[in-house]
Enquirer: 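Take a look at the following structure, please.
Chain letters run A, B, ... following the sequence lines, proteins first and then strands; every chain starts at 1. Keep in mind that the numbers below use all heavy atoms, side chains included, and drop hydrogens, waters and symmetry copies.
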Amino acid sequence: FKKGPGLSPEFWEGWEAALIEVDVGVRQAVELTERVKARAEEERVDATAVSELFRAELLKMLQPLPGEETSETPVPPIVTMIVGVNGSGKTTAAAKLARYRQKRGEKVILAACDTFRAAAIEQLGIWAERLGVEMVSQKYGADAAAVAFDAYSAARSRGADRLIIDTAGRLHTRSNLMEELKKIARALGKTEPSAPHEVLLSLDAVVGQNGLLQARSFLEAVGLTGVILNKLDGTARGGIVLAVREELGIPVRFVGIGEGSDDLAEFDPAAFVDALLN
Amino acid sequence: NLTKKFQEVFKNVRGMGKLTEKNLSRALREVNLALLEADVNYRVVKKIVEETKEQALGRKVLASVNPGQQFVRLIHDRLVETMTHPDAGVKLDGSPAVIILAGLQGSGKTTTAAKLAGWARRQRPDCRPLLVAADVRRPAAAGQLKTMGEKAGVETYADGGNSPLTIVTDAVNYARSKDFNPVIVDTAGRLHIDPELMEELKSLKSSLNPREVLLVLDAMTGQDAVRTAVEFDRRVGIDGAILTKLDGDARGGAALSFRAVTGKPVKLAGVGERIDDLQVFDPARIVSRILG
Ligand SMILES: Nc1nc2c(ncn2[C@@H]2O[C@H](COP(=O)(O)OP(=O)(O)OP(=O)(O)O)[C@@H](O)[C@H]2O)c(=O)[nH]1
Ligand SMILES: Nc1nc2c(ncn2[C@@H]2O[C@H](COP(=O)(O)OP(=O)(O)OP(=O)(O)O)[C@@H](O)[C@H]2O)c(=O)[nH]1
Ligand SMILES: [Mg+2]
Ligand SMILES: [Mg+2]
């Protein structure tokens with residue numbers, strides 16, 4: 001069997017490099033390239049068709065698995081908790097999600113469960129005010145779990161469709177802070193066993209391999225139903241979400257593409273893959 | 001870890017004579033892998049591996065009792081040399097010295113500005129730093145800086161209604177009249193591909209003639225760190241970086257990428273959310289971390 005002119009080792013190395021440079025990670029880049037190389041040699045394709053093979057393989061990795069799109073409708077309010085490391089875009093994402101639901105005619109309440117960082121409550125409060133959405137908060141130093149508990153009762157009694165909970169940024173290596181997060185989730189579960197219904201990991205698109213470690217820790221601590229990939233309007237492509245999907249089974253639900261409350265889009269695997277490959 | 005991996009690679013070399021092309025290439029592949037997994041940029045890694053290869057072949061470095069350890073030593077020292085810079089201190093002298101902090105959204109500028117003010121006071125107990133809230137975009141940014149500034153016992157200059165340029169110009173005049181030094185400017189997070197905001201930063205620099213323009217860079221940044229570094233340096237000109245969130249478990253390859261593509265030093269390290277969590281950057285520590 002004679003290899004085509006375009007399929008030299010340098011050619012495949014170029015593909016590996018391209019994947020690594022969008023933070024796919026070495027292991028994933030090598031595996032994916034091996035897979036495509038095998039297909040290319042089997043199907044005897046040339047260089048131009050290889051791009052399509054990569055596209056297909058990447059799309060396959062991002063497709064929802066069977067049984068993943070269960071749409072059980074819990075008793076309102078549907079509770080969404082946003083978690084993640086410092087500065088990843090949680091507070092802004094909470095506002096964007098509130099806006100997203102609001103545009104669909106839902107009544108949303110925001111909970112300011114970052115009771116630690118300077119001006120965190122003011123920051124969310126300004127967003128709430130801009131959106132005309134209620135916010136439940138207490139003072140700095142209050143127990144975040146208690147605020148979550150109160151917020152649920154308030155959302156329930158006020159007939160809200162959604163409760164969106166912003167939490168403090170925390171490095172996943174801080175076990176005491178991860179315990180606090182578990183406590184918040186437990187408090188919600190006490191008021192409503194099915195809550196929180198959504199736990200979204202906020203990931204910064206510029207994050208490298210540490211993103212996978214973050215996902216692992218947050219998954220282990222409170223469970224994750226999805227990822228919000230923020231700051232995709234920059235030059236970073238967020239390739240780490242492939243590993244998060246592949247190794248942990250967590251899908252990307254939304255992408256953040258700017259700093260305004262409308263800068264949120266539902267995750268579109270095809271568009272994401274196109275951006276990755278370009 | 002890398003030392004163990006090298007012991008594996010070289011365990012057939014009985015420490016006599018020169019290393020072979022074969023086990024050297026295996027060792028270099030391990031270095032390549034370690035650096036990429038540590039988020040060092042692909043092209044920076046390629047260059048490092050090439051240079052290491054030349055050095056190893058040219059040096060007969062492995063004619064020793066423990067070639068694996070020797071090899072790690074070679075890489076380690078080489079990288080520490082790269083990360084070290086003769087001028088890595090933060091300049092605090094001026095009347096006043098203006099220090100501008102810039103960087104991507106969420107990298108840690110506001111927190112670092114306040115920490116830097118506290119740090120300046122520790123370095124020169126007689127100086128009185130002034131923080132300037134020049135981020136007029138982010139909700140409650142001024143409040144955040146002010147609160148953090150209070151933790152450092154430092155005053156914050158804020159002015160709700162004006163442009164960043166007006167705010168900082170007024171702040172510097174105020175500082176001069178009241179003998180504040182240094183003046184530490186917190187700016188809005190911005191994308192290096194945002195022409196308007198990069199232009200704003202550039203004009204801020206040209207009208208203030210700052211002592212330092214420092215890029216605040218998140219330690220968990222991946223491959224894109226080179227783009228950010230190059231663009232900020234090319235469009236605005238930076239004097240160095242402050243690497244934040246080093247208290248996590250990110251390997252910190254972005255530091256090496258930054259240094260390799262800009263030639264500028266990493267000056268300080270953010271190691272936590274508290275006001276005291278700022279340290280002088282340690283090249284040896286980051287190299288050990290990157291090499292895993
Ligand atoms: N360009 C861009 N900026 C974003 C995006 N999402 C958030 N940001 C910005 O990122 C910065 C940090 O956002 P926050 O919402 O405060 O992040 P956080 O995770 O809540 O931060 P902590 O609570 O301090 O951990 C702000 O300047 C936001 O405007 C996005 O999708 N694109
Ligand atoms: N663990 C840790 N957290 C940090 C460090 N530096 C900053 N942070 C946190 O990171 C988050 C973002 O910090 P900010 O100072 O708001 O970042 P910023 O660059 O000013 O953000 P924008 O103004 O929105 O661009 C906050 O939660 C900080 O407490 C650090 O060294 N370690
Ligand atoms: Mg927040
Ligand atoms: Mg800020």
Side-chain angles (χ1 to χ4, degrees), chain A residues 16-27 29-30 85-92 95 116-127 129-130 140 168-174 177 202 204-211 213-214 217 230-231 233-240 258-259, chain B residues 32-43 45-46 104-111 114 137-151 188-194 217-228 231 244-245 247-254 272-273:
Chain A
E16 236 174 58
L19 292 170
I20 291 170
E21 290 194 294
V22 289
D23 292 310
V24 166
V26 191
R27 198 174 68 75
V30 169
V85 302
N86 307 71
S88 60
K90 298 175 293 300
T91 304
T92 312
F116 168 74
R117 204 209 68 211
I121 300 174
E122 282 83 349
Q123 183 188 2
L124 189 64
I126 289 170
W127 279 117
E129 194 178 331
R130 283 179 185 173
Y140 288 97
R170 68 202 69 222
L171 293 185
H172 53 287
T173 45
R174 294 278 309 270
L177 297 183
S202 162
D204 190 329
V206 311
V207 84
Q209 297 309 298
N210 198 254
L213 299 183
Q214 293 171 23
S217 298
N230 292 314
K231 309 179 202 173
D233 47 319
T235 51
R237 289 280 147 262
I240 195 65
E259 302 190 68
Chain B
N32 188 56
L33 192 62
L35 293 177
L36 288 175
E37 286 177 338
D39 291 323
V40 183
N41 181 266
Y42 186 86
R43 290 162 214 228
V45 174
K46 212 164 169 70
L104 297 179
Q105 290 87 346
S107 59
K109 298 172 295 297
T110 305
T111 310
R137 294 170 163 260
R138 173 169 156 155
Q144 182 187 3
L145 185 64
K146 189 159 184 297
T147 300
M148 290 302 289
E150 283 163 2
K151 295 203 205 282
R190 69 202 63 218
L191 296 176
H192 46 283
I193 51 168
D194 185 329
L217 183 63
D218 195 324
M220 61 185 89
T221 308
Q223 296 286 310
D224 208 54
V226 290
R227 276 277 320 244
T228 306
E231 290 301 310
T244 60
K245 307 176 202 173
D247 46 316
D249 59 1
R251 299 269 289 277
E273 294 192 76

Enquirer: Select, from A:Thr92, A:Asp233, A:Asp204, the one with the greatest count of heavy-atom pairs under 4.5 Å involving chain B.
Expert: A:Asp233
Enquirer: Between B:Arg138 and A:Glu259, is the closest basic N to carboxylate O distance under 4.0 Å?
Expert: no
Enquirer: Checking B:Glu231 side chain against B:Ile193 main chain: does a donor-acceptor pair fall under 3.5 Å?
Expert: no
Enquirer: What part of B:Glu273 lies closer than 4.5 angstrom to a heavy atom of chain A: side chain, backbone, both or neither?
Expert: side chain
Enquirer: Counting only heavy atoms closer than 4.5 Å, note whether B:Leu36 contacts chain A via side chain, backbone, both or neither.
Expert: both
Enquirer: Is chain A contacted by the side chain of B:Asp39, its backbone, both, or neither, given a heavy-atom distance below 4.5 Å?
Expert: side chain
Enquirer: Where on B:Leu104 is there a heavy atom nearer than 4.5 Å to chain A: the side chain, the backbone, both, or neither?
Expert: side chain
Enquirer: Measure A:Arg174 against the heavy atoms of chain B and call it side chain, backbone, both or neither at under 4.5 Å.
Expert: neither
Enquirer: Between A:Arg237 and chain B, with a heavy-atom cut-off of 4.5 Å, which part of the residue counts as in contact: side chain, backbone, both or neither?
Expert: neither
Enquirer: Could you look at A:Val30 and say if it's the side chain, the backbone, both or neither that has a heavy atom under 4.5 Å from chain B?
Expert: neither
Enquirer: Identify which part of B:Lys46 has an atom lying under 4.5 Å from any heavy atom of chain A, answering side chain, backbone, both or neither.
Expert: side chain
Enquirer: Side chain, backbone, both or neither: which part of B:Asp247 has an atom under 4.5 Å from a heavy atom of chain A?
Expert: both
Enquirer: Select one option (side chain, backbone, both, neither) describing which atoms of A:Val207 are under 4.5 Å from chain B's heavy atoms.
Expert: both
Enquirer: Does any heavy atom of chain B fall under 4.5 Å from the side chain of A:Ile20, the backbone, both, or neither of them?
Expert: both
Enquirer: Relative to chain B, which of A:Val26, A:Val22, A:Thr235 shows the most heavy atom pairs under 4.5 Å?
Expert: A:Thr235
